[in-house]
Amino acid sequence: MTLIAIVLATLAAGLGSVWVAAVLMRTGIGSQGSRFGAQHLLSLAAGALLATAFVHLLPEAFESQINPKALFVVLLLGLVFFFLLDKAELWHHGHEHRHALPEERGHTHDGPADAAQGHGHDHHHHHAHNNNPGRWSLLTGDSVHCFGDGILIASAFMADMWLGIVAAISVLAHEVPHHMGDLVVLSGNGGRSQSKVALMKLSLAGAVTALGGIVGYFLVSSLAAFLPYFLAIASSSFIYVALADLIPQLQRQLSAKQTVQQVVWLAVGIIVVSAVSTWAHGDHEHGHAHDGTEQHEVHGDHDGHKH
């Protein structure tokens with residue numbers, strides 16, 4: 001049952017984020033002129049990721065008998081790891097496109113894709129229109145990233161079903177603005193037919209999330225005692241993406257109205273995820289009071305963990 005839920009959730013997160021991005025672009029939502037722009041999407045995603053890490057994943061990890069200091073060390077190492085991974089990706093693409101002309105390097109885009117683009121892929125906008133290898137590099141990077149997301153979602157599901165659902169929704173939320181930029185890069189100026197091809201290619205990359213979920217399920221199952229560490233690593237990923245990727249894109253000079261809108265959408269992401277946490281936790285406790293057998297199998301004996 002858990003494996004089926006992981007497959008369905010990872011497919012929803014991986015493919016859903018691509019299709020939602022395509023629909024938003026077709027309807028004009030997320031564009032600069034839209035009332036619901038890219039900045040709103042980024043704010044919402046950042047709030048959802050932070051709330052998922054601090055309200056869901058970390059509390060679940062700290063309910064174990066593992067020394068909190070050890071979990072904080074894993075959290076710290078996870079942040080450093082994702083920082084180095086980001087650096088390696090930037091170096092790879094900078095090396096790959098070192099032949100770019102100086103005026104191309106200085107060119108920036110003012111469209112919605114550039115504002116929405118995440119995970120350090122802005123460089124693709126400079127060259128991808130005439131560089132097919134760059135496009136395949138983008139797809140490869142997306143596939144690897146989606147595979148990692150699948151493992152993180154699986155880790156959350158192995159701890160608690162509702163935790164996994166929240167993690168999948170958070171992944172979907174932060175991948176939507178990312179994929180909006182990817183679709184622009186892959187489509188280029190090829191018209192509707194090229195846009196359909198781009199959607200198919202990116203959907204295949206998104207489907208890799210399910211593969212990561214399956215691998216994560218068997219990996220965590222065989223290393224059940226290390227589940228709290230997996231949750232800490234998942235938290236470090238969400239925190240890093242929110243603080244190092246999404247929020248810096250929001251740190252630009254805006255009007256007072258636009259700043260308030262950013263804060264509101266950030267709060268919406270936090271409140272929605274926190275509300276789901278409160279509701280799910282109440283439902284979890286209710287189910288445990290009536291039949292603690294299943295919860296004991298998933299979480300272990302938490303009664304002895306209280307200090």
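Numbering starts at 1 and runs along the sequence shown. What you are looking at is a predicted structure, and each value in this text was computed from that prediction instead of being measured.
Rounding to the nearest 0.5 Å gives a distance of 6.0 Å between CD1 of Ile239 and CG of Leu79. Distance check, rounded to the nearest 0.5 Å: CG of Leu24 to CG of Leu41 gives 6.0 Å. One finds the CG atom of Leu139 at 8.0 Å from the CG atom of Asp182 (value rounded to the nearest 0.5 Å). If you take CH2 on Trp19 and CG on Leu172, they are separated by 11.5 Å, rounding to the nearest 0.5 Å. Rounding to the nearest 0.5 angstrom, the gap separating the CD1 atom in Ile165 from the NE2 atom in His56 is 11.0 Å. Taking CZ of Phe230 as the reference point, atom CE of Met158 lies at 10.0 Å (rounded to 0.5 Å).
Hydrophobic clustering of Ile, Leu, Val, Met, Phe, Trp and Tyr side chains at less than 4.5 Å, counting indirect connections, keeps Val176 apart from Ile270. In the hydrophobic clustering of this structure, Val171 does not group with Val215; members are Ile, Leu, Val, Met, Phe, Trp, Tyr whose side-chain heavy atoms approach within less than 4.5 Å, directly or through other members. No continuous path of ILVMFWY side-chain contacts below 4.5 Å connects Ile169 to Leu266, so the two sit in separate hydrophobic clusters. The hydrophobic clustering, which links ILVMFWY residues whose side-chain heavy atoms are closer than 4.5 Å, places Val208 and Leu199 apart. The hydrophobic clustering, which links ILVMFWY residues whose side-chain heavy atoms are closer than 4.5 Å, places Leu227 and Phe218 together.
Each of Val73, Val74, Val80 was scored for a side chain to side chain contact (heavy atoms under 4.5 Å, CB included) with Leu77, with one residue passing: Val73.
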### Task
Report the C-alpha distance between Leu152 and Phe238 in whole Å, list the side-chain angles of each, state the deciding distance to 0.1 Å, and finish with yes or no for side-chain contact (heavy atoms from CB on, under 4.5 Å).
CA-CA 10 Å; Leu152 299 181; Phe238 284 11; 4.2 Å; yes
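For the residue pair Gln262/Thr259, the side-chain donor-acceptor check at 3.5 Å is not satisfied. Counted by atom type alone, Thr209 and Thr10 present zero donor-acceptor pairs between their side chains at under 3.5 Å. Side-chain contact annotation: Asp142 with His178, donor-acceptor N/O pair under 3.5 Å present.
Closest non-hydrogen pair, Ser170 versus Val273, comes out as OG-CG2, 4.4 Å. The minimum heavy-atom distance linking Pro228 with Ala225 is given by the pair CD-O, 3.7 Å. Closest approach of Leu71 and Ala232 over heavy atoms only: O-CB, 4.1 Å. In this structure, His174 and His145 approach most closely via the heavy-atom pair NE2-NE2, 3.8 Å. The shortest non-hydrogen separation linking Pro59 to Ala53 is CD-O, 4.1 Å. Across all non-hydrogen atoms, the minimal contact from Ile151 to Gly212 is CG1-O, 3.3 Å.
With Glu60 contributing its side chain and Leu57 its backbone, the two residues share no donor-acceptor pair below 3.5 Å. No side-chain donor-acceptor contact under 3.5 Å links His179 to the backbone of Leu15.
No more than 12 heavy atoms of other residues, nucleotides or ligands lie within 6.0 Å of CD1 in Ile4, so this atom counts as exposed by the packing criterion.
Ile247 has its side chain within reach of Leu50: a pair of non-hydrogen atoms, C-beta onward, lies under 4.5 Å apart. Side-chain contact between Ser195 and Leu183 is absent, with no heavy-atom pair separated by less than 4.5 Å. Side-chain atoms of Leu3 and Phe157, non-hydrogen and from C-beta on, never get closer than 4.5 Å to each other.
In this structure, Phe62 has its ring center closer than 6.0 angstrom to the ring center of Phe72.
Applying the side chain to side chain donor-acceptor pair (under 3.5 Å) definition to pairs two or more places apart or across chains, those involving residues 223-244 are Asp86-Tyr240.
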